K.L.:
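My questions will all concern the structure given below.
Side chains included, hydrogens not; waters and symmetry mates left out as well; all remaining heavy atoms used. Model, not experiment: these values are computed from the prediction.
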Amino acid sequence: MADAVNDLLRRLAGLRSWASTPGRRNVAYVATLVLFLGSTVLAWRALPADRGGIDWALVAIAAALVLPGAVVNAEEYRISARVVGQSVGLLPAMRVA
């Protein structure tokens, strides 16, 4: 298992070094976008036909919880930074969260 993880990490590091130039980075972005959109379309098409309508109340609840969730994640990041002797402001922590 550890060998498989190390092999995966080596491959990812190789991809990162390959994408270190702007042209290759753009190719990697486009390939990632195509992969994401393609998998999203395939997943949408695999949904059952009788899935019903969208429950907008649940969408509103989820949207209302985005900001408090991000603040909680940012505070967790700040506490973790404090444990190792670093000080991180709320806005920089929000960018990470």
K.L.:
Go through Val5 and Leu9 one step at a time and tell me if the side chain to side chain contact (heavy atoms under 4.5 Å, CB included) criterion holds.
P.N.:
CA-CA 6 Å; Val5 171; Leu9 291 175; 4.1 Å; yes

K.L.:
When you look at Met94 and Leu67, which way does the side chain to side chain contact (heavy atoms under 4.5 Å, CB included) test go after all the steps?
P.N.:
CA-CA 10 Å; Met94 289 286 287; Leu67 183 59; 4.1 Å; yes

K.L.:
Roughly how far, to the nearest 0.5 Å, is CG of Leu15 from OG of Ser20?
P.N.:
11.5 Å

K.L.:
Can you tell me how far apart CG (Leu42) and CG (Leu37) are? Round to the nearest 0.5 Å.
P.N.:
11.0 Å

K.L.:
If you look only at pairs with a residue in residues 75-92, which of them pass as a salt bridge (charged side-chain N to carboxylate O under 4.0 Å, His left out), with sequence neighbours excluded?
P.N.:
Glu75-Arg78

K.L.:
Answer yes or no: is there a side-chain heavy-atom contact under 4.5 Å between Leu65 and Ile61?
P.N.:
yes

K.L.:
Heavy-atom distance under 4.5 Å between the side chains of Trp18 and Val27, does that happen here?
P.N.:
yes

K.L.:
Does atom CZ of Arg16 have more than 12 heavy-atom neighbours, drawn from other residues, nucleotides or ligands, at distances under 6.0 Å?
P.N.:
no

K.L.:
Just by modelled atom types, is the Asp3 backbone N or O under 3.5 Å from a matching donor or acceptor in the Asp7 side chain?
P.N.:
no

K.L.:
Does Leu47 belong to the same Ile/Leu/Val/Met/Phe/Trp/Tyr cluster as Ile54, with side-chain heavy atoms less than 4.5 Å apart forming each link?
P.N.:
no

K.L.:
Looking at every heavy atom in both Ala19 and Ala28, which two are closest together, and how far apart are they?
P.N.:
CB-CB, 4.4 Å

K.L.:
Write down the atom of Ala74, the atom of Leu90, and the distance for their closest heavy-atom approach.
P.N.:
CB-CD1, 4.1 Å

